[in-house]
Amino acid sequence: MRLKQRLLAIYQNLYTSYGPQGWWPTTPPGKTTPVYRPGATSRRLNQRERWEIMVGALLTQNTTWHNAELCLEALSASGSLDLRELHDLPLEQLSGLIRPARYFNQKAQRLHDLAGYVLEAYGGSIAALTGRPPAELRPELLALKGIGQETADSILLYAAQYPFFVIDAFTRRICHRLGLAAVSASYGELQDLFARALPADADLFNEYHALFVRHAVEHCRPKPQCDSCCLRKSCRYGVETVD
DNA sequence: ATCCTGGAGT
DNA sequence: ACTCCTGGAT
């Protein structure tokens with residue numbers, strides 16, 4: 001009961017400080033980013049967007065989003081971002097296009113396999129994949145090489161728009177410093193923390209995770225910038241400067 | 001525990 | 001010359 005209020009207060013604080021992050025659905029040029037309202041539903045994504053989110057989720061593993069975006073642009077510019085085009089591309093050419101994503105050989109193989117899986121299991125229909133019951137889709141994604149819990153939940157949340165809270169290194173760092181979780185807390189424990197305390201709302205989880213990333217990049221860095229942190233008052237880290 | 005392994009900021 | 005990044009597999 002106390003946890004619920006605190007997590008919502010943290011969200012409000014971050015949202016007030018940083019504003020909407022506009023991850024997905026992306027905002028068309030010329031329009032303003034829609035503001036998240038509890039209970040409101042964001043627009044449905046089309047299949048091309050859902051697939052690009054899945055590709056982006058793999059490319060950005062342990063890599064900056066900036067670098068992942070360079071890869072997405074290279075894929076798009078060469079006409080290889082589409083599911084079938086990507087699958088038909090020789091691995092050597094694919095890895096050459098996604099070089100900024102660091103582990104380009106591994107990721108090229110995994111993107112190829114992911115595209116192949118969608119083609120075989122769903123006839124290439126992303127809608128068929130994202131339309132599956134989430135409790136069945138998650139283990140399916142986890143069974144694929146290159147998709148762990150974080151990437152699976154990113155796909156479930158951002159591509160399929162199901163309410164799965166994404167736990168990443170940023171979330172861990174912030175939660176630890178805020179005193180919300182031990183460093184040893186497992187992925188599932190962190191995820192349960194948010195699942196129990198927050199309404200199961202995909203748009204809320206979407207914006208919350210994006211705000212965590214923004215906050216971790218700008219203030220709750222490995223070397224924290226506590227002096228200008230919007231959560232300073234409710235964080236033991238900024239007060240005591242403990243580890 | 002190690003491998004994979006580019007780009008940008010400091 | 002460092003550090004860090006929306007990890008996953010072995």
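Note on naming: letters A, B, ... go to the chains in the order of the sequence lines (proteins, then strands), and numbering restarts at 1 for each one.
The nearest whole Å value for the distance from the CG atom in A:Leu70 to the P atom in B:dA8 is 6 Å. Distance CD (A:Glu218) to C1' (B:dG9): 14 Å, rounded to an integer number of Å. Atom CD of A:Gln106 is separated from atom P of C:dG8 by 12 Å (rounded to the nearest Å). At whole-Å resolution of the value, CG in A:Asn62 and P in B:dT2 are 15 Å apart. Between A:Trp23 atom CH2 and C:dT6 atom P there is a gap of 8 Å when expressed in whole angstrom units. Separating the CD1 atom of A:Ile167 from the P atom of C:dG8 is a distance of 12 Å, rounded to the nearest angstrom. At whole-Å resolution of the value, CZ in A:Arg99 and P in B:dC4 are 14 Å apart. Rounded to an integer number of Å, the gap from A:Lys107 NZ to C:dT6 C1' is 10 Å.
Backbone-only engagement by A:Leu144 is indicated by non-hydrogen atom pairs under 4.0 Å involving sugar-phosphate atoms exclusively. Contact annotation for A:Arg102: base contact, defined as any heavy-atom pair under 4.0 Å involving a base atom. Using a 4.0 Å heavy-atom cutoff across all strands shown, A:Glu150 reaches sugar-phosphate atoms only and no base atom. In this structure, A:Val217 reaches the sugar-phosphate backbone alone: every heavy-atom distance under 4.0 Å involves primed, P, OP1 or OP2 atoms, never a base. Counting any heavy atom pair closer than 4.0 Å across all strands shown, A:Arg221 reaches no nucleic acid atom. Residue-level contact check: A:Leu58 touches neither bases nor backbone, having no heavy atom under 4.0 Å from any strand. Among the atoms of the strands shown, only primed sugar atoms or phosphate atoms (P, OP1, OP2) are found under 4.0 Å from some heavy atom of A:Lys145.
Checked against C:dT6, C:dG7, B:dG7, the side chain of A:Asn67 finds its nearest nucleotide in B:dG7. When distances are taken from the side chain of A:Arg173 to each of B:dG7, C:dC5, C:dG7, the shortest belongs to C:dC5. With C:dT6, B:dT5, B:dG7 as the choices, the nucleotide that has an atom nearest any side-chain atom of A:Phe104 turns out to be B:dT5.
When A:Tyr18, A:Trp23, A:Tyr11 are each tested for a ring pair (Phe, Tyr, Trp, His ring centres under 6.0 Å) with A:Tyr208, only one passes: A:Tyr11. Considering A:Ile126, A:Ile155, A:Val55 as possible partners of A:Arg50, the one that fulfils the side chain to side chain contact (heavy atoms under 4.5 Å, CB included) test is A:Ile126.
Residues A:Tyr103 and A:His66 both approach DNA chain B. Their nearest nucleotides, taken by heavy-atom distance, put A:Tyr103 toward the 5′ side. For the pair A:Thr60 and A:Ile147, nearest-nucleotide mapping onto DNA chain C gives the more 5' position to A:Thr60.
Within the structure, a side-chain polar atom (N or O) of A:Asn105 is placed less than 4.0 Å from OP1 or OP2 of B:dT5. Between A:Thr151 and C:dG8 there is a side-chain polar atom (N or O) within less than 4.0 angstrom of OP1 or OP2.
Ring pair A:Tyr162/A:Phe164 is perpendicular by interplanar angle, where above 60° counts as perpendicular and below 30° as parallel.
Nucleotides C:dC5 and B:dT5 have their C1' atoms positioned 12 Å apart, rounded to a whole Å.
Looking only at atom types and distance, the side chain of A:Thr16 has no donor-acceptor partner in the side chain of A:Asn13 under 3.5 Å away. Counted by atom type alone, A:Gln161 and A:Asp203 present zero donor-acceptor pairs between their side chains at under 3.5 Å.
Less than 6.0 angstrom separates the ring centroid of A:Phe165 from the ring centroid of A:Phe205.
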